[in-house]
Amino acid sequence: MYFQLNIFYICVMSGDITVAITGVGAYLPQDILSNADLEKLVETNDAWIVERVGIKERRILKDPEKASAYMGSEAVKELLKKTGTQPEDIELLICATVTGDYVVPDTANQICKLSGLTRAYGFDINAACSGFLFSLATGAQFIKSGTHRKVIVVGSDKMSTITDYTDRSTCILFGDAAGAVLLEPSLNEFGIEQIALYGDAAGKDLLRIKSGGSLRPPSAETVANKEHFVWQDGRVVFKAAVKGMSEAVKEVISRAGYQSADIDWIVPHQANYRIIKAVADMLDFPLEKVMINIQKYGNTTAATIPLCLWEYEPKLKEGDKLVLTAFGGGYTWGGILLTWAYDGNKRG
Ligand code: UT7
């Protein structure tokens with residue numbers, strides 16, 4: 001313990017704290033919504049969904065009494081257990097979500113309470129499918145500045161509550177899940193190296209939930225018109241996502257002075273297998289080194305990236321170079337390049 005504190009002191013004094021992800025947790029609801037199930041709801045078929053999107057099934061949190069805060073807190077509990085972290089040592093929790101339990105209050109503080117983080121405060125970030133990246137970048141600043149030593153970043157979305165199960169163009173895409181990572185000052189030289197984040201309101205009408213905000217508050221009319229469900233112009237967003245994600249990945253690699261060949265893993269947001277493949281192709285990057293689990297979970301919005309890290313954790317080695325990338329509503333997009341700080345196979 002003394003040794004760890006001492007290293008932290010030296011880093012703070014030198015003004016050069018590297019921020020590392022030191023653990024990953026996740027929560028997946030038990031209920032599965034398969035392509036065969038969707039065939040009974042809308043005019044679609046397994047072959048179309050697999051070929052055009054790459055999804056076989058998604059998880060759905062059916063319990064109406066539980067939502068994003070519950071899923072996030074379960075992911076946090078697993079994270080604390082796996083890393084041997086005491087709940088009272090966490091100082092800040094940031095939650096990326098577009099499906100907070102309430103408009104007010106935020107979801108992050110509900111997660112703190114449900115998972116017993118007695119000393120932590122929290123706040124939410126809404127950057128849609130890029131929310132985890134934006135939250136990770138934000139959380140890292142609190143550690144880099146020396147303000148906090150243990151920060152949790154959660155991505156949690158109960159997408160089934162904003163999905164129109166009569167619209168075949170969207171209901172095949174989304175699932176429910178949560179993921180969480182612990183951020184701490186690095187005890188080796190490994191951690192976050194480069195951050196590139198972008199936003200462009202040009203995407204406003206191309207991917208959105210039309211009503212429920214202050215511009216179009218809920219009314220009988222907005223409910224009747226199904227304006228509280230997520231909608232997107234899929235083809236336009238598809239092209240923007242490929243461009244945005246591949247450019248962001250290239251940018252962080254080049255800023256760090258690396259080549260593509262130096263990167264061990266790309267961790268992309270899971271919106272469509274064809275988007276992921278197109279990004280890998282544009283970067284001339286082998287698909288075997290791209291984390292992909294969309295076939296099992298679909299698009300879980302803010303949860304996709306931590307869910308990938310969680311699933312691939314046993315394969316990750318100390319020193320591996322990862323580029324996280326996402327694109328989502330706003331538009332928002334970006335890339336984060338980091339060096340993995342621990343051997344994942346040593347975590348239970
Ligand atoms: O996560 C945040 C960012 N979001 C994204 O990155 C998503 C980007 N977009 C996409 O992934 C894809 O555009 C979708 C998966 C949303 C749609 O795939 P697509 O290949 O772009 O299909 P499309 O919308 O161009 O539709 C092609 C055809 C249409 O029929 P026609 O007009 O050619 O006769 C659709 O009506 O496929 C039809 N179609 C379906 N057929 C069977 C649309 N949805 C379905 C369906 N089952 N579920």
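Remember, it's 1-based here, ligands and their atoms both numbered in the order they're listed.
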Where is the nearest protein heavy atom to atom 1 (O) of ligand 1: which residue, which atom, and how far? N299 ND2, 2.9 Å
Quick check on contacts: which atoms of ligand 1 are under 4.0 angstrom from a heavy atom of V53? 15 (C)
For atom NZ of K289, is the number of surrounding heavy atoms from other residues, nucleotides or ligands below 6.0 Å larger than 12? yes
Would you say N45's side chain and W48's backbone share a donor-acceptor pair under 3.5 angstrom? yes
Atom 6 (O) of ligand 1 [closest protein heavy-atom partner, distance rounded to 0.1 Å]: I275 CD1, 3.1 Å
Between R255 and E193 (salt bridge meaning N to carboxylate O under 4.0 Å), is one present in this structure? no
Heavy atom of protein closer than 4.0 angstrom to atom 29 (C) of ligand 1: no
What class does the angle between the rings of W265 and Y312 fall in, given that below 30° is parallel, 30 to 60° is tilted and above 60° is perpendicular? perpendicular
Among all protein heavy atoms, pick out the one at the shortest distance from atom 32 (O) of ligand 1; state its residue, atom name and that distance to 0.1 Å. R235 NH2, 4.7 Å
Considering only non-hydrogen protein atoms, determine which one is nearest to atom 19 (P) of ligand 1 and report residue, atom name and distance to 0.1 Å. R274 NH2, 3.8 Å
Salt-bridge criterion met for K77 and E74 (N-O under 4.0 Å): yes
Minimum-distance protein heavy atom relative to atom 11 (O) of ligand 1: N272 ND2, 2.7 Å
In terms of side-chain geometry, is the basic nitrogen of E227 or R216 positioned less than 4.0 Å from the acidic oxygen of its partner? yes
Using a strict 4.0 Å cut-off to heavy atoms of V237, name the atoms of ligand 1 that fall inside it. 3 (C), 4 (N), 5 (C), 6 (O)
Is there a heavy atom in I172 that sits closer than 4.0 Å to ligand 1? yes
Ligand-side contact atoms (ligand 1) for residue partner F327, heavy atom cut-off under 4.0 Å: 2 (C), 3 (C)
Please work out whether the ring planes of W333 and Y198 are parallel, tilted or perpendicular, with thresholds of 30° and 60°. parallel
Enumerate the atoms of ligand 1 whose separation from the nearest heavy atom of C129 is less than 4.0 angstrom. 1 (O), 2 (C)
What do you think, any protein heavy atom under 4.0 angstrom from atom 21 (O) of ligand 1? yes
Looking only at protein heavy atoms, which one is nearest to atom 35 (C) of ligand 1, and how far off is it? R168 NH2, 3.8 Å
Could you tell me, atom by atom, which parts of ligand 1 come under 4.0 Å of a heavy atom of A271? 1 (O), 5 (C), 6 (O)
Which protein heavy atom lies closest to atom 17 (C) of ligand 1, and at what distance to 0.1 Å? W48 CH2, 4.2 Å
Tell me whether the guanidinium CZ or amine NZ of R58 lies under 6.0 angstrom from the six-membered ring centre of F174 and within 45° of its axis. no
Residues at least two apart in sequence or cross-chain that pass side-chain contact (heavy atoms from CB on, under 4.5 Å) with D106, listed by chain then number, are A108, N109, D124
Could you measure the distance from the CD1 atom of I90 to the CG atom of L117? Nearest 0.5 Å is fine. 6.0 Å
Can you list the ligand 1 atoms lying under 4.0 Å from a non-hydrogen atom of R52? 20 (O)
Residues D320 and K315 bridged, charged N to O under 4.0 Å: no
Identity and distance of the protein heavy atom lying nearest atom 46 (C) of ligand 1: T44 OG1, 3.3 Å
Contact atoms of ligand 1, heavy-atom distance to Q232 under 4.0 Å: 4 (N), 5 (C), 7 (C), 8 (C), 16 (C)
